[in-house]
There are 2 protein chains.
Amino acid sequence: MADRPALSRAEMEVARIVWTLREATVRQVLDNLPETRDINYKTVQTFLRRLEAKGYLSSRRDGRSLIYTADARPRQVIRDTVRDFLNRLFNGEPLPLVEHLIRDQGLEKADISQLRALLNEMESQPGSK
Amino acid sequence: MADRPALSRAEMEVARIVWTLREATVRQVLDNLPETRDINYKTVQTFLRRLEAKGYLSSRRDGRSLIYTADARPRQVIRDTVRDFLNRLFNGEPLPLVEHLIRDQGLEKADISQLRALLNEMESQPGSK
DNA sequence: GACAATTGCGTACAGTTGTCCGTTTTGTTA
DNA sequence: TAACAAAACGGACAACTGTACGCAATTGTC
């Protein structure tokens with residue numbers, strides 16, 4: 001697990017899409033960004049290039065295009081990113097953020113029951129770490 | 001509610017401390033940063049200066065020192081920051097982040113019951129938003 | 001009052017980030 | 001096969017970030 005340089009906000013946004021799709025070209029990433037996100041093809045291309053340089057993605061050629069795939073383990077990257085966010089904004093404590101999400105970020109009613117189920121599940125199992 | 005330039009990660013870290021203390025000098029912010037955070041007095045000073053320039057804090061003089069206080073509404077700033085984070089990492093959906101926090105960020109057993117209580121509370125009330 | 005400590009103020013600076021352009025290469029199609 | 005469209009490649013660049021120094025002014029201490 002090489003120690004890679006940190007991801008910027010925009011880089012993370014792009015990397016996540018590749019991870020979700022499992023693999024993607026510049027064009028596909030562009031198409032999968034939210035419509036509200038106004039961004040140029042070339043810009044996305046730059047981010048993917050940088051992500052590869054930083055060791056987060058690999059690329060292979062397919063005809064005229066490059067296909068990017070995960071190199072670092074996404075799960076771990078997300079965990080680290082969230083942890084950093086937690087440290088800076090919530091004193092490192094997850095619960096206050098959960099509370100904030102529930103109270104201030106419009107968690108739906110349906111989500112609540114799903115959450116409750118998750119809590120039950122957690123309780124029946126010993127700390128999974 | 002002026003449209004202020006976004007806060008960088010480090011700026012946010014510093015701003016949050018001022019908000020928590022309600023007001024603070026450079027020295028106080030420095031003292032309230034986590035011990036693991038190795039950072040120079042002058043650097044903190046720079047951040048506070050920039051935060052004022054960006055319209056997030058005001059300062060008033062008290063003898064030799066400057067006391068910084070909130071200018072923007074912290075609640076709103078945090079909400080916006082979390083929302084941005086959510087958009088980039090979790091497709092804008094709060095529930096997956098909550099799940100991540102519970103599963104992957106070591107939520108304690110005690111937290112679980114507290115969370116359950118919160119859920120009950122939410123359910124008894126109509127959407128607060 | 002002299003000296004040390006503390007603070008503000010101005011300044012600096014390399015690295016990162018977000019954004020994109022111009023040129024070249026490579027499949028595709030008339 | 002010549003022309004076209006779509007990509008890559010490589011370069012650019014201003015703004016922002018994180019980090020901190022040096023100096024002067026203020027204040028506390030002996």
Selection from dC9(D), dG18(C), dT7(C) that lies nearest to any side-chain heavy atom of Phe47(A): dG18(C)

Atom-pair distance (CG on Asn40(A); C1' on dT17(C)), nearest Å: 16 Å

Separation of atom CZ in Arg50(B) from atom P in dA15(D), rounded to whole Å: 15 Å

Between dT27(D) (P) and Arg61(B) (CZ): distance, integer Å: 9 Å

Partner of Phe47(A) under side-chain contact (heavy atoms from CB on, under 4.5 Å), chosen from Val26(A), Val29(A), Leu57(A), Val14(A): Val14(A)

Interatomic distance where CG belongs to Leu51(A) and P belongs to dT16(C) [whole Å]: 14 Å

Separation of Arg16(A) CZ from Asn91(B) CG (nearest 0.5 Å): 4.5 Å

Exam field: side chain Glu11(A) to backbone Arg50(A), donor-acceptor pair closer than 3.5 Å: no

Options dC21(C), dA12(D), dA7(D), nucleotide nearest the side-chain atoms of Tyr41(A): dA7(D)

Proximity to the side chain of Arg64(B) - top-ranked nucleotide from dA20(D), dT7(C), dT17(C): dT7(C)

Atom pair distance, as rounded to whole Å: CG in Leu48(A) and P in dT19(C): 14 Å

Any side-chain donor near an acceptor of the partner, Arg116(A) and Asn120(B), under 3.5 Å: yes

Touch class at under 4.0 angstrom, heavy-atom based, for Arg60(A) against every strand present: nothing

Atom-pair distance (CG on Leu57(B); C1' on dG8(C)), nearest Å: 16 Å

Whole angstrom value for the distance that separates P of dT11(C) from CZ of Arg49(B): 11 Å

N or O in side chain of Ser8(A) less than 4.0 angstrom from dG18(C) OP1/OP2: yes

Residue whose nearest DNA chain D nucleotide is more 5′ - Gly63(B) or Arg9(A): Arg9(A)

Base of dC9(C) paired with side chain of Gln45(B) (donor-acceptor, under 3.5 Å): yes

Atom of Tyr56(B), atom of Pro5(B) and distance for their closest heavy-atom approach: OH-O, 2.6 Å

Phosphate-side-chain proximity, Arg27(A) and dA7(D), N/O vs OP1/OP2 below 4.0 Å: yes

Phosphate OP1/OP2 of dA7(D): any Ser65(A) side-chain N/O under 4.0 Å: no

Side-chain N,O (Lys54(A)) to OP1/OP2 (dG15(C)) below 4.0 Å: no

Touch class at under 4.0 angstrom, heavy-atom based, for Arg88(A) against every strand present: nothing

Between dA6(D) (C1') and Lys42(A) (NZ): distance, integer Å: 11 Å

Touch class at under 4.0 angstrom, heavy-atom based, for Thr25(A) against every strand present: nothing

